[in-house]
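What follows is a single structure, written as structure tokens, with notes after it.
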Amino acid sequence: MPELPEVETVRRGLAPWMEGQVFAAVKVRVPRLRLPLPDDLGQRLTGRRIGVLGRRGKYLLVPFEGDEVLVVHLGMSGRMTVNHEPEFAPGRHDHVIFDLAGGEGHPSTTRIVYNDPRRFGLMALCPADLLETHPLLARMGPEPLDPAFDGAMLEGALKGRRGPIKGALLDQSVVAGIGNIYACEALYRAGISPRRKAMTIAGARARRLVEALKSVLEDAISSGGSSLKDHRQPSGELGYFQHNFAVYGRAGLECPECTCEIGETGGISRLVQSGRSTFFCPRRQR
DNA sequence: AACAAGACCTGCATGC
DNA sequence: TGCATGCAGGTCTTGT
């Protein structure tokens, strides 16, 4: 599910409920996600005050008292939602429940529910000062929305890469946070074929791709992310950027910018690269 | 070193 | 109705 915009939406949705609050209890119902949860997760968190939520690529960062950070990845199907029901009966895939102590101006019952049917997500604990060297984060590339991320930086990261640009964009060491949807959408906005050799993206073309990445991510964040099957904002609301997809999931449909008839171009095409669907407009993307 | 394929899981749509 | 198949937003590991 969640690529950078969805994780950022989750971060923004959780922040007002979590920041400055204290973990009152942590209930682990299913301890095995993609990695086993730390077995002392509850002990380590209980009684600790939560700091300012952060994000690195697709990872949500929850710092807490004692200079430690709870690192959360939502995998393909993970959600974190806020719940205030006095009597809460956990659902089938509600694996971890964080009860928060009600602070001033907060309801007495607030809990954060981590739900993940496919269990591809993970949680880890890390000392705050070692975050950048943690094995999960150490090889992560630049943040695409960082102003320092520009054409030259992308061009450098793509040097020596003979494979298709689509695959390179999914490599988190090239640029952080891009997944299958936004790789397709950014290549469309930049007018670049997903099959183009990554190393041929340089100069103005690299700048175009960087701008496309930034704009599509910003637009998606503004829409609360994309809800296909799983993504929900922490409030339970859907995201709605999926209504703005130009190519993703739109095989055979008309390209929003091509005015000719579908019969002439076949519309949006689908192909499989490294086992993953790629959607693109063969007419506009070269 | 870069790249592709397989593995990890459940749920859903589709077709027979 | 049941059952098989294929597909899904990720990424780690393995092998070429």
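Reminder, nothing fancy here: chain letters follow the sequence lines and each chain counts from 1. Values below: all heavy atoms of this structure, side chains included; hydrogens, waters and symmetry mates excluded.
Put simply, A:R92 has a side-chain N or O that comes within less than 4.0 Å of OP1 or OP2 on B:dG11. When the side-chain nitrogen and oxygen atoms of A:H73 are compared with OP1 and OP2 of C:dG10, none of them lie within a distance under 4.0 Å. Within the structure, a side-chain polar atom (N or O) of A:Q172 is placed less than 4.0 Å from OP1 or OP2 of C:dT11. In terms of phosphate contacts, A:S277 brings a side-chain nitrogen or oxygen within less than 4.0 Å of OP1 or OP2 of C:dA8. For A:H93 and B:dG11, the shortest distance from a side-chain N or O to OP1 or OP2 is below 4.0 Å. The phosphate of B:dG11 (OP1 or OP2) has no side-chain N or O of A:R118 nearer than 4.0 angstrom.
Ring stacking holds between A:F120 and B:dC8, with the centres under 5.5 Å apart and the planes within 30 degrees of each other.
Residues A:D99 and A:K27 are paired through a salt bridge, judged by an N-O separation under 4.0 Å between the basic side chain and the carboxylate.
Summarising the geometry, the separation between CG on A:L74 and P on C:dG10 is reported as 11 Å, rounded to the nearest angstrom. Distance A:L170 CG to C:dG10 P: 7 Å, rounded to the nearest Å. Rounded to whole Å, atom P of C:dG6 lies 18 Å from atom CZ of A:R276. Atom P of nucleotide B:dT10 and atom CZ of A:R32 are separated by 13 Å, given to the nearest angstrom. Spacing between atom CD1 of A:I165 and atom P of B:dA2 amounts to 14 Å, rounded to whole angstrom units. Distance A:M76 CE to B:dT10 P: 14 Å, rounded to the nearest Å. In this entry the distance linking CG of A:L136 with P of C:dT11 reads 10 Å, nearest Å. Rounded to an integer number of Å, the gap from A:Q273 CD to B:dC3 C1' is 13 Å.
For the pair A:R49 and A:F64, the cation does not sit on the ring face, since its NZ or CZ is not both under 6.0 Å from the ring centre and inside 45° of the axis.
Comparing atom distances between the A:S274 side chain and each of B:dC9, B:dA4, C:dG10 picks out B:dA4 as nearest. Ranking C:dC7, C:dG10, B:dT10 by closeness to the A:R270 side chain, first place goes to C:dC7.
With no hydrogens or angles considered, a side-chain donor-acceptor pair links A:H84 and A:T110 at under 3.5 Å.
Within 6.0 Å of CG on A:D146 lie more than 12 heavy atoms contributed by other residues, nucleotides or ligands.
Ring centroid separation for the pair A:F280 and A:Y188 does not come in under the 6.0 Å cut-off.
At the heavy-atom level, A:Y59 lies under 4.0 Å from the strands shown only through sugar-phosphate atoms.
Summarising the base pairing, B:dC9 is matched to no nucleotide, lacking a Watson-Crick or G-U wobble pair whose two defining distances lie under 3.5 Å.
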